[in-house]
S.K.: 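Just dropping this structure here.
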Amino acid sequence: MKHLTLSVLLLILLLIGIASLFVGASTLSAQQIIDTLLHSGEYDFIVNQYRLPRLLLAIGVGAGLGLSGSLIQGVIRNPLASPDLMGISAGAGLAATSLLVFYAAAPVYLLLLTALSGGLIAAAIILLIAYKTKPTPIRLALIGIAISTFLSSGIDFLIIVNPVEMNTAMVWLTGSLWGRNWTQVPIIWATLAVVLPFAFWLAWRLDVMGLGEDCATSLGIRPSKLQLIALLTAVILASISVAVAGTIAFIGLLAPHLARMLFGHDHKLLIPASALLGALMLIIADTLARGLQPPLELPAGVLTSLIGAPYFIFLLQRYKAW
Amino acid sequence: MPFSTRYILLFASALILLLFSFAYSLIAWSSFPLNLSHISAYFFNFDHQSIEQQILATTRIPRLLVAILIGTNLAVAGVLMQGLTRNPLASPSILGINAGAACFMALASIGINVLGEVSSLVSASVGGLVSGALVIFLGGFFSARSNPLKLILAGIAINALLIGITRAAIILADDRAYSVITWLSGSLASMDWQQWQLLWPTSLVGLVISAYVAKNLNLLALGNEVATSLGINIAFTRFLSCIAIILLTASSVAVVGPIGFVGLIVPHIARRLVSNNYLLLLPISALLGSCLIVWADALSRGIAFPAETPVGVITALIGAPFFVFLSIRSKAL
């Protein structure tokens, strides 16, 4: 039954993905798009160089963020935890922005490494605080948000002081898939390909961890090691997503929640479902961003926060363990 | 004995700090070299021919005055909010009032007039009112078991939502994203006498109201029952305080854009200095708030000279670590 739901989800993803190829400043017919996909031609740029890579990026980044969120929530056992609320996205964004500001011609691998180290440092800071003060889940969320605010005002500062090209700047501020092309596609997909097996390896171990640390230890799992691996995986995913598309808020928070509503607490289903739902959300947001008022582009991150913030409030209303 | 020598000394030192920052911020980091003698010349024998004095008269003096008043407004609003909600993390920026005012102003400025043809000040006030009410409602402030953290998180979520709407509306309306980002971060860069004219009357009304409610807030801090038995009209006091908060915050946002964290930090420092007596807390906070903004503004010019950094970015960089510190330590949460 649940596997059926998963396949239905996959089908919806596919359909919306195809539909998104039709949305944009110039209207194309189905025939034209199929022709172009099969043997390029007149609309090669619009379809093959512009909309298709963007679709693939949206799937990759969305899946990465959803996955990262589900791993973080699985390890920290905090319904309000997610890469953006914990400051990981902002840390990666700040590091990447500073690199772009001070060394605009940086090669891609350097950008990735910088974003990754930024994300890792931010994660290390918040985990250190969490370890020292043992906060309640809700207080941890608050601390994470404050760290996020600090880091993103750092991004604001860098951009305003050194006005790089404004469009690049907007990408880092709110997250957007605008102006991306095939060069970024292999990055996010390769990361996913490397990390996904890890995530599945973690899946049942996270379930066991849910039974309590003693139980997990007696079943041959070292909790601290497992937590470290899972968090590292989550940080890598979130940082690479940020390096590709900027800080896109709320997907890492929402996707795991929706997945849990649909599939319960089994991580073997939860992990692929969060990835799928994250991808779905980002495709929808990006398609809307492109299609609301073409030729103008909204950052997809703005749209995700328009959907995400009310959901966050809804979570707050439901959250009982104050 | 509220006015012992210690308090008077504190007052005096805060004033001296403020005075020093006056002079400093007038001449510091100018693209056109200025020094102290120009300031004294400006005050004592003004000369229309002198470029230095013209710079002081047309840009620096109004900028300084606006900075002082904004600092006062935000700090006083922060004190009132923390007093009303009994929440150490409450402040105009965190409870969404800044963002609401900014959002409505941005919508009005791009032609989506939710309220018809009204001045920016009115739309900012209404925006602040709407978002503040929304946060208080969603944060469960009036529910039986109200939790201070829930209020804060609701504020943060509403903030994110409003900032999203503001950015989307502005990008859809036109492409001048850069100036909007500068404004959304809160900047004092383009102040002149016109802005000052817009700012001071509303601020004055707000400050007078806050001075009026200060004594009642002292009694309210003893608990609702005690306050009622001492003849305080609780609902009326709260209402007046809300009006003051909205006036102070909205006028600030309408003029310089949302500047965060001043209303959060300053009341805490002031409370350390003068304990919880609002009659002292309000003026000390006002002084400290204006010091903070004046210094942050001077810093915002200097930190990446000759480029201007929005002062809101500076206050956020100072304020966010402070917020982390408060949320870790605060026992009341």
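A, B, ... follow the sequence lines: proteins, then strands. Residue 1 opens every chain. As a basis for the values below, the full set of heavy atoms in this structure was taken, side chains included, without hydrogen atoms, waters or symmetry mates. Bear in mind that the values here come from a model prediction, so they are computed numbers and not experimental data.
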S.K.: What option among S148(A), A146(A), G308(A) has the most heavy-atom pairs under 4.5 Å with chain B?
M.R.: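 Max contact count across the listed options: A146(A).
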S.K.: Can you confirm whether I72(A) sits close enough to P83(A) that some side-chain heavy atom of one is under 4.5 Å from a side-chain heavy atom of the other?
M.R.: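 Yes, close enough: below the 4.5 Å cut-off.
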S.K.: Side-chain contact test, heavy atoms from C-beta onward, threshold under 4.5 Å: evaluate it for I152(B) versus L95(B) and give yes or no.
M.R.: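 Yes, their side chains come closer than 4.5 Å.
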S.K.: Quick check on L138(B) against chain A: is it the side chain, the backbone, both or neither that has a heavy atom closer than 4.5 Å?
M.R.: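 Both backbone and side chain.
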S.K.: Passes side-chain contact (heavy atoms from CB on, under 4.5 Å), S20(A) versus R54(A)? Steps please.
M.R.: CA-CA 10 Å; S20(A) 83; R54(A) 217 171 136 157; over 6 Å; no
S.K.: Tell me, for S305(A) versus chain B, whether the close heavy atoms (under 4.5 Å) come from the side chain, the backbone, both or neither.
M.R.: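 Both backbone and side chain.
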S.K.: Tell me, for F250(A) versus chain B, whether the close heavy atoms (under 4.5 Å) come from the side chain, the backbone, both or neither.
M.R.: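 The side chain, not the backbone.
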S.K.: Taking every heavy-atom pair that is under 4.5 Å apart, which of L140(A), I307(A), I313(A), L151(A) has the most such pairs with chain B?
M.R.: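 Winner by heavy-atom pair count: I313(A).
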S.K.: Do L292(B) and L74(B) have side chains that get closer than 4.5 Å, going by heavy atoms?
M.R.: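 No; the side chains remain at least 4.5 Å from each other.
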S.K.: Using non-hydrogen atoms and a 4.5 Å limit, figure out which bit of F261(B) sits close to chain A: side chain, backbone, both or neither.
M.R.: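 For F261(B), the contact with chain A is made by the side chain alone.
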S.K.: Mind ranking I94(B), L317(B), V324(B) by heavy-atom pairs under 4.5 Å with chain A and telling me who comes out on top?
M.R.: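 Top option by heavy-atom pairs under 4.5 Å: L317(B).
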S.K.: Please examine the side chains of T247(A) and D84(A), heavy atoms only from C-beta on, and report whether any two atoms are closer than 4.5 Å.
M.R.: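 Result no, sub-4.5 Å side-chain heavy-atom pair not found.
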S.K.: Considering only heavy atoms, which portion of L306(A) lies under 4.5 Å from any heavy atom of chain B: side chain, backbone, both, or neither?
M.R.: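 Backbone plus side chain of L306(A), per the 4.5 Å heavy-atom cut-off to chain B.
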S.K.: I'd like to know whether F323(B) forms a side-chain contact (heavy atoms from CB on, under 4.5 Å) with T149(A), so could you lay out the CA-CA distance, the side-chain angles of the two residues, the decisive distance to 0.1 Å, and finally the verdict.
M.R.: CA-CA 10 Å; F323(B) 182 85; T149(A) 312; over 6 Å; no
